[in-house]
Amino acid sequence: MTNRRRFLDHSARVAALLAAAGVWPIDARAQAGAYNTAAFAAHGSAAAYKALAIAAPVESSSVQIQAQDLAENGAAVPVAVSTTLPGVKRLMLLVENNPAALSAIADVSDAVEPFFDLRIKMGESSSVYAVAITADGRAFFAKRDIKVTLGGCG
Amino acid sequence: MSDAMRIRTQAAGGKIIVRVLMSHEMESGQRKDDAGAVVPAWHIREVVAALNGTPVFTMQWGPAISKNPLLQFHLKSAKAGDRITITWVDTKGDKRSDEAVITA
């Protein structure tokens, strides 16, 4: 366990260095095998940010999250994430109270708008975060509380 | 092998709206069967959208995406005849790739 923890810690530091140096291979991550298993298993948004080796995002009105405040069916909650910030390379969607907070990561190119719309599962009412990461590694978020009448994890 | 994706494109205000409906169980790994055993996670984990063969939009998904996922994204510019190809890979390594031609 100690070893694994040290390994994870070490990986996170290397990733942080890579990100700081601006050589984080975002395009390469789309290839099979680059899937960040640790991040997608992390409990809570703080742990997910750590596993992704990004600093805690700053709240910004330039990031938008569109969703209903009240979702009747937690098995399919429509959520749209977008931003008006320039130079955004990555968008993320996190559900704080889900068993694994990180729901989706989108890597956008210049050919698409920094936007996606998906239906997600929510186990219970929760804060939902949209995070935008710029090319120079800064992270911004928008938050929305969504109430769920019927959980979608069972 | 799973069913074909349904890919719809629509021009709106200078951009192209792409809607993709995938056919997948998307087991979260949280659900239990009648005997009380946990149903193992089995979900799409990567989605790549390519415009005329060049990847333009890639996603990584956790277990919390709904069954039979419906994804929407916007192409900034595309012309009639351009090909949009969507490919997904799930946690078992199964793949599916479907293509649509932009008509708008």
Side-chain angles (χ1 to χ4, degrees), chain A residues 26-37 39-42 48 52 66 71 73-82 89-95 97-123 126 128 151-154, chain B residues 12-22 24-33 38-39 41 43-78 82 84 87-91 93-95:
Chain A
I26 282 179
D27 292 332
R29 296 180 57 88
Q31 306 304 317
Y35 186 76
N36 194 329
T37 312
F40 278 104
L52 288 162
Q66 280 170 41
N73 182 5
V77 183
V79 178
V81 175
S82 62
K89 289 292 172 196
R90 173 171 275 194
L91 295 171
M92 305 196 299
L93 181 64
L94 299 99
V95 183
N97 293 353
N98 266 6
L102 184 58
S103 297
I105 296 177
D107 289 326
V108 297
S109 69
D110 291 339
V112 293
E113 293 186 343
F115 163 90
F116 68 84
D117 185 329
L118 260 181
R119 291 189 300 204
I120 57 168
K121 292 178 214 170
M122 291 180 64
S126 172
V128 177
C153 276
Chain B
K15 66 192 178 200
I16 306 275
I17 299 171
V18 183
R19 291 187 185 87
V20 189
L21 181 63
M22 305 168 208
H24 203 285
E25 277 301 315
M26 302 298 283
E27 277 295 345
S28 66
Q30 301 291 329
R31 210 167 59 87
K32 289 183 175 143
D33 65 15
V38 172
V39 182
H43 58 86
I44 294 175
R45 60 177 219 174
E46 286 175 47
V47 179
V48 179
L51 183 64
N52 296 324
T54 310
V56 290
F57 181 74
T58 60
M59 289 196 82
Q60 298 174 53
W61 287 357
I65 307 300
S66 301
K67 180 177 176 173
N68 297 331
L70 177 65
L71 168 68
Q72 183 183 325
F73 63 95
H74 298 161
L75 291 167
K76 275 184 191 163
S77 64
D82 282 352
I84 183 93
T87 307
W88 58 248
V89 184
D90 72 15
T91 48
D94 283 341
K95 284 185 180 189

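None of the values given here were measured: they were computed from a predicted structure. Reminder, nothing fancy here: chain letters follow the sequence lines and each chain counts from 1.
Atom CD1 of residue A:Ile105 and atom CZ of residue B:Arg45 lie 12.0 Å apart, to the nearest 0.5 angstrom. The distance from atom CD of B:Gln30 to atom NZ of A:Lys121, rounded to the nearest 0.5 Å, is 9.0 Å. Taken from CZ in A:Arg90 to CE in B:Met59, the straight-line distance is 10.5 Å, to the nearest 0.5 Å.
The two atoms that bring A:Ser103 and B:Ala64 nearest to each other are OG-CB, 3.9 Å, heavy atoms only. Between B:Ser66 and A:Val77, the shortest heavy-atom distance links the atoms OG-N, 4.3 Å. The nearest pair of heavy atoms linking A:Ser109 to B:Val56 is OG-O, 2.6 Å. Shown here for B:His43 and A:Tyr35, the closest heavy-atom pair between the two residues is CE1-OH, 3.6 Å. Considering every non-hydrogen atom in both B:Leu70 and A:Arg119, the closest pair reads CB-NH2, 3.7 Å.
Between B:Phe57 and A:Asp107, the closest side-chain pair of non-hydrogen atoms is not below 4.5 Å.
Using a 4.5 Å cut-off between heavy atoms, A:Leu102 contacts chain B through its backbone alone, with no side-chain atom that close. Residue B:Lys67 touches chain A through its backbone alone, counting heavy-atom pairs closer than 4.5 Å.
Ranked by heavy-atom pairs under 4.5 Å with chain B, the list A:Ala39, A:Ala106, A:Pro114 is led by A:Ala106. Your options are B:Val47, B:Leu71, B:Val18, and the one with the most heavy-atom pairs under 4.5 Å with chain A is B:Leu71.
Environment of CG in B:Asp33: crowded, with over 12 heavy atoms of neighbouring residues, nucleotides or ligands closer than 6.0 Å.
Between B:His74 and A:Phe115, the angle of the ring planes stays under 30°, which puts this pair in the parallel group of the 30/60° scheme.
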